[in-house]
Protein chains: 2
Amino acid sequence: MAKFTVLVADDDQDIRDGIEIYLKNEGYDVLKAADGKEALELLEANDVHLLILDIMMPNMDGITATFKIREVRNIPIIMLSAKAEDSDKIHGLSVGADDYVTKPFHPMELMARVKSQLRRYIQFGTYDGQKKIEVDGLVLDEEAKEITVEGDVVKLTPIEYKITELLMKNAGRVFSINEIYERVWNEAAYNAENIVAVHIRKIREKIEADPKNPRYVKVVWGIGYKIEK
Amino acid sequence: MAKFTVLVADDDQDIRDGIEIYLKNEGYDVLKAADGKEALELLEANDVHLLILDIMMPNMDGITATFKIREVRNIPIIMLSAKAEDSDKIHGLSVGADDYVTKPFHPMELMARVKSQLRRYIQFGTYDGQKKIEVDGLVLDEEAKEITVEGDVVKLTPIEYKITELLMKNAGRVFSINEIYERVWNEAAYNAENIVAVHIRKIREKIEADPKNPRYVKVVWGIGYKIEK
DNA sequence: GACTATCTTAAGACTTTCTTCATAATTACA
DNA sequence: TGTAATTATGAAGAAAGTCTTAAGATAGTC
């Protein structure tokens, strides 16, 4: 397989260098930019296949840069944002990005997303705008951050949405309680049973006709939860 | 379930030994190093899956060691430090550590982080699509943690699933009762005959059309059980 | 600073699974 | 064929895991 080139744009040099080390270990070529303007210049001068873009940068922020890039090219863009920033707002603004990761992130997770985006890029040749997932009568609209059951909009809280999103995007796969906690809260699971159980129950109350006999969010006793494909 | 090997590098022997006890209790193999240099040597000579690294060490400190390691490998690194300052935390992570724990820490919290990192490492490192194993009409779906017989889903409990998984992944091989107990329960077998037999029986009840004349889970008299290839 | 949403924690109820024990059935072999 | 060793079975209490309720903590908003 030909080598891919990844452009990393972040104003923090430690983060740039850290990401570079991981990417090189995975066999990618790496270019680095300290701000959005520099990123655009490098993008024009080189054959770049994927872009990792911090939102907060001097000269030109990541969102503006994304708009500029999208006018010309369709390469995968992964956005980085600080956890402190309002993630909902960021998500809303970051239309045009293919994926986004909140800091602090686990390097291996970023690598996984890079791989996944490149796979998609290669496979479809271009980014496909499909942002709806459907399982049975349950629909997840990633752009509107909205879930509908048989056409009716259901109002979920951020955590409830993220759990449902995780289960729907991986429908059929069972997630242990710890896994759910780690992927939604983005921190190591420690006594997570109860809190996840409470949120699962809230989700069921909202999306299940009969929460006692759930049609979507099913328990796999002793292992975890899943939404059937 | 393959065993994981964790390398603990700390100049304080009490801490090394303490962590070792907890790790072994969780079923991990443990290697120990007293400084960064020793850690690097052990890392080269052994198949290590995760590294717990103290920052303050003679010969080579944890941060330098992390740099060296990252030039070659992407394994999870958890850093230990006596300092609780935030700047250290960020520095440690940006330098390539995956997680960070400040002393004094609760051993179980460290264990939770070890588990969490290994989960990520496995999930993101080796993921390649659908994982299914088939033997005769028996199919094991590792993602759904589900087993189907001639297309029909069979509901197994965690222990039943693990036993079936062991036998299917090594179809054709005979496992003694003690071996099954040790690999599934992850502890030394002692009077395991009956309990394994009970679970085998439950499995047969669920996956065999005629439990008296089992088609899949066969006994090898005086030796153990197997599932034929 | 009060109000509202949401999140977290705790405790007990409830359900499923695991283990144990007693006993029965099967196999190997003298 | 008889006997000892091994495996199979049924039932019940113990243990583990999940669900539910409710109240306190926290964060965002006006």
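Numbers restart at 1 for each chain; the letters A, B, ... are given by sequence-line order, proteins then strands. Every value quoted in this text rests on a predicted model; they were computed, and no experiment measured them.
- Residue A:N191 is out of contact with every strand shown, counting any heavy-atom pair closer than 4.0 Å.
- Computed from coordinates, the A:E193 CD to C:dG12 C1' distance equals 17 Å when rounded to whole Å.
- With distances taken from any side-chain atom of B:N194 to the nucleotides C:dT8, C:dT17, D:dT9, the minimum falls on D:dT9.
- Between the CD1 atom of B:I159 and the C1' atom of C:dT20 there is a distance of 14 Å, rounded to whole Å.
- In terms of phosphate contacts, A:T157 brings a side-chain nitrogen or oxygen within less than 4.0 Å of OP1 or OP2 of C:dC7.
- With sequence neighbours left out, the salt bridge (charged side-chain N to carboxylate O under 4.0 Å, His left out) criterion links B:K32 to B:D17, B:E20.
- Of all heavy-atom pairs spanning B:Y161 and B:D141, the tightest one is OH-O, 3.7 Å.
- A syn base is found at C:dA5: its glycosidic angle is within 90° of 0.
- For the residue pair A:Y22 / B:R70, a side-chain donor-acceptor distance below 3.5 Å is found, with atom types taken as modelled.
- Base pairing of C:dA5: no nucleotide in any strand meets the Watson-Crick or G-U wobble criterion (both distances under 3.5 Å).
- Under the side-chain hydrogen bond (donor to acceptor under 3.5 Å, both in side chains) criterion, B:E182 pairs with no residue, sequence neighbours left out.
- Residue A:E160 has its side chain nearest to C:dC7 when only C:dT8, D:dT7, C:dC7 are considered.
- Nucleotide D:dT7 holds its C1' atom 17 Å from the NZ atom of B:K226, rounded to whole Å.
- Below 30°, between 30° and 60°, or above 60°: for B:F4 and B:H49 the angle between ring planes is above 60°, a perpendicular geometry.
- Proximity of B:Y181 to the phosphate of C:dC18: no side-chain N or O atom is located under 4.0 Å from OP1 or OP2.
- When rounded to the nearest whole Å, the span between CH2 of B:W185 and P of C:dT17 equals 15 Å.
- A cation-pi arrangement is absent between B:R183 and B:Y181, since the terminal nitrogen or guanidinium carbon is not both under 6.0 Å from the aromatic centre and inside a 45° cone about the axis.
- Computed from coordinates, the B:I195 CD1 to C:dC21 P distance equals 11 Å when rounded to whole Å.
- Near DNA chain C, meaning a heavy atom under 4.0 Å from it, residues 197-222 of chain A has A:V198, A:H199, A:W221 in order of number.
- Rounded to whole Å, atom P of C:dC18 lies 14 Å from atom CD of B:E187.
- Under the Watson-Crick and G-U wobble criteria, each requiring two contacts below 3.5 Å, nucleotide C:dA24 is paired to D:dT7.
- The shortest heavy-atom contact between B:A144 and A:K226 is O-NZ, 4.4 Å.
- Not one side-chain nitrogen or oxygen of A:Y161 sits closer than 4.0 Å to the OP1 or OP2 atom of C:dC7.
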